[in-house]
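Notes for the one structure printed next.
Residue indices begin at 1 and follow the sequence shown.
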Amino acid sequence: MTTGLIITLLTQAVALVLLISAPMLLTGLLVGFVVALLQTVTSIQEQTLSFVPKAVAVLLVLIFVAPWIINLSVNFVQHLLAQIPILAN
């Protein structure tokens with residue numbers, strides 16, 4: 001197992017993690033921005049008001065993209081398992 005191969009596998013793993021987490025992170029960012037804008041306009045400064053909508057939105061997006069996440073993860077693991085004979089040399 002060479003250093004280049006390890007770096008390639010780690011790079012692919014990090015890219016997969018970023019790709020998988022992007023929908024939830026972007027949803028939280030967007031909902032957080034909208035809630036903060038509404039709080040600023042209405043002068044309501046309640047902490048739970050900013051947390052609950054973000055949590056609900058992220059959960060809904062997670063449910064919606066779960067099949068895609070599972071598909072990406074399974075493909076990555078299958079690729080790793082297929083590489084075992086190559087890695088053993």
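Looking at heavy atoms from C-beta onward, Leu62 lies in side-chain contact with Ile69 at the 4.5 angstrom threshold. Put simply, the side chain of Val34 does not reach to within 4.5 Å of the side chain of Val31, judged on heavy atoms. No side-chain heavy atom of Phe64 sits under 4.5 Å from any side-chain heavy atom of Pro23. Between Gln12 and Leu80 there is no side-chain heavy-atom pair separated by less than 4.5 Å.
Atom-to-atom distance recorded for Leu16:CG and Ser21:OG is 9.5 Å, nearest 0.5 angstrom. The structure places OG1 of Thr40 at 6.0 Å from CD of Gln45, a figure rounded to the nearest 0.5 Å. Rounded to the nearest 0.5 Å, atoms OG1 (Thr8) and CD (Gln83) are 10.0 Å apart. In this structure, CG in Leu18 is found 9.0 Å from CG in Leu25, a value given to the nearest 0.5 Å. Atom CZ of residue Phe33 and atom OG of residue Ser50 lie 14.5 Å apart, to the nearest 0.5 angstrom. Considering CD1 of Ile70 and CG of Asn75, their distance stands at 12.0 Å, rounded to 0.5 Å.
Both Leu10 and Ile20 belong to a single network of hydrophobic side chains, linked directly or stepwise wherever heavy atoms of I, L, V, M, F, W or Y lie under 4.5 Å apart. Taken together through direct or relayed side-chain contacts under 4.5 Å among Ile, Leu, Val, Met, Phe, Trp and Tyr, Leu19 and Val58 form part of one hydrophobic cluster. Leu72 and Val17 are members of different hydrophobic clusters when ILVMFWY side chains are connected at heavy-atom separations under 4.5 Å. The hydrophobic clustering, which links ILVMFWY residues whose side-chain heavy atoms are closer than 4.5 Å, places Phe76 and Ile6 together.
Nearest heavy atoms, Pro85 versus Ala82: CD-O, 3.4 Å.
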